[in-house]
Asker: 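I'd like to ask some things about the structure below.
In what follows, every heavy atom counts, from backbone to side chain, and hydrogens, waters and symmetry copies are set aside. Here is how names work: the chains are called A, B, and so on, in the same order as the sequence lines, proteins then strands, and each is numbered from 1. This one's a predicted model, so the numbers in the text were calculated from it and none came from an experiment.
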There are 2 protein chains.
Amino acid sequence: MMQAELLKIRINHQGNTALGPGKIELLQHIAQHGSISAAAKQMRMSYRRAWELVDMMNRSFDQPVVVSTTGGAHGGGAQVTAFGQALMLAYAQILQKTAQAAADELHLINQHLKKI
Amino acid sequence: MMQAELLKIRINHQGNTALGPGKIELLQHIAQHGSISAAAKQMRMSYRRAWELVDMMNRSFDQPVVVSTTGGAHGGGAQVTAFGQALMLAYAQILQKTAQAAADELHLINQHLKKI
DNA sequence: TCTCGTAATGTATGTTTGAATATAACGATG
DNA sequence: CATCGTTATATTCAAACATACATTACGAGA
């Protein structure tokens with residue numbers, strides 16, 4: 001079996017996390033639902049917090065990761081921009097490549113992590 | 001110039017961080033000084049917290065990362081075990097290999113992270 | 001047996017973080 | 001122009017976390 005979630009990777013930006021597991025998962029849900037509130041609900045996260053994470057990402061990069069509209073037929077919504085999707089793809093590739101590159105060391109470490 | 005600290009890597013163990021930047025730095029200082037309290041002082045961390053990090057590491061792995069003696073001529077001390085040193089080496093190699101493996105994606109992301 | 005510096009543990013306080021709640025702004029649609 | 005669900009923001013509360021401080025345990029050496 002493949003060792004599940006041994007490696008956690010974050011992209012640092014001035015002491016904060018510009019991109020990490022949580023923000024990426026949130027982006028996936030937003031892309032899927034077209035809504036911050038629906039994404040938050042599915043992740044059992046407060047809307048407030050989800051919005052803050054989105055805002056943090058938008059302020060970390062030189063172009064928006066998520067754009068939103070307010071009002072309208074269904075109250076508005078949010079979309080992951082092409083740039084945001086590129087980030088998601090890049091992050092997925094980083095996960096894959098790093099896990100592969102560090103496989104030997106991770107295996108060594110995992111051998112000595114306590115089970116249960 | 002080499003981009004400084006873009007990638008932050010943690011080794012996860014049952015929801016907690018078994019190994020990360022802070023714990024590794026602490027191990028380096030303990031190895032250097034032979035003392036948890038001296039390491040804590042140099043890192044401007046409370047002794048209490050440093051001890052807790054050491055304890056967390058020792059409980060994460062199947063063998064101790066740091067061993068300590070109490071009392072005696074100089075009050076005691078702490079040493080990083082051979083296993084602990086192996087972990088430090090493995091972590092350093094992970095840092096190097098992952099940064100190299102993900103260089104392209106990191107470069108892309110870094111291009112769009114806000115400067116200042 | 002007293003001293004010394006460190007390990008180990010307890011306690012209290014303050015700061016940060018997140019959850020919960022409330023409310024306003026918004027604009028397509030009927 | 002009233003309704004609707006969502007974005008956006010403010011406020012309050014509780015919990016988690018870190019820090020600071022205090023205390024005890026320990027054992028070699030004077």
Asker: Between D:dT7 atom C1' and A:Glu52 atom CD, what is the distance in whole Å?
Answerer: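 The answer, rounded to whole Å, is 14 Å.
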Asker: Name the residue closer to the 5' end of DNA chain D, choosing between A:Thr70 and B:Gly71 according to the nucleotide with the nearest heavy atom.
Answerer: A:Thr70
Asker: Would you say the base of C:dT17 and the side-chain of A:Arg48 have a donor-acceptor pair closer than 3.5 Å?
Answerer: no
Asker: Figure out the CG/P separation between B:Asp55 and C:dA8, and round it to whole Å.
Answerer: 9 Å
Asker: Nearest to the side chain of B:Ala78, which nucleotide is it out of C:dT9, C:dA7, D:dT7?
Answerer: C:dA7
Asker: Go nucleotide by nucleotide along DNA chain C from the 5' end; which of B:Tyr47 and A:Ser46 gets its closest nucleotide reached first?
Answerer: B:Tyr47
Asker: Nearest heavy-atom pair of A:Tyr91 and A:Ile9: which atoms, and what distance?
Answerer: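 Closest approach of A:Tyr91 to A:Ile9, heavy atoms only: OH-O, 2.7 Å.
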Asker: Hey, does the side chain of A:Lys8 reach the backbone of A:Leu6 with a donor-acceptor pair shorter than 3.5 angstrom?
Answerer: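 Absent.
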Asker: Roughly how many Å is it from CG in B:Leu53 to P in C:dA8, rounded to a whole number?
Answerer: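 Distance, rounded to whole Å: 14 Å.
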Asker: Of all the choices, C:dA19, D:dA8, C:dG10, which nucleotide is nearest to the side chain of A:Arg49 once you look at every atom?
Answerer: C:dA19
Asker: To the nearest Å, give me how far apart CD1 (B:Ile36) and P (C:dG5) are.
Answerer: 18 Å
Asker: Tell me if a side-chain donor or acceptor on A:Lys97 pairs with a main-chain N or O of B:Glu105 at a distance below 3.5 Å.
Answerer: no
Asker: To the nearest angstrom, how far is B:Asn58 atom CG from C:dA7 atom P?
Answerer: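 Distance, rounded to whole Å: 13 Å.
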Asker: D:dT6 P sits how many Å from A:His74 NE2, rounded?
Answerer: 9 Å
Asker: May I ask you to verify if any side-chain N or O of B:Thr69 is less than 4.0 angstrom from the OP1 or OP2 atom of D:dC26?
Answerer: no
Asker: Give the rounded distance in Å between these two atoms: CH2 of B:Trp51 and C1' of D:dA25.
Answerer: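 Atom-to-atom, B:Trp51 to D:dA25, this comes out as 13 Å.
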Asker: Just the rounded figure in Å: distance from C1' of D:dT7 to NZ of A:Lys41.
Answerer: 14 Å
Asker: Could you please name the option among D:dT7, C:dA8, D:dG29 that lies closest to any side-chain atom of B:Ala73?
Answerer: D:dG29
Asker: Does NZ belonging to B:Lys41 count more than 12 external heavy atoms closer than 6.0 Å?
Answerer: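 Open.
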Asker: For A:Asn12 versus B:Leu113, what's the shortest heavy-atom pair and its separation?
Answerer: O-CD1, 4.1 Å
Asker: Less than 4.0 angstrom between a side-chain N/O of A:Ser35 and OP1 or OP2 of D:dT7, yes or no?
Answerer: yes
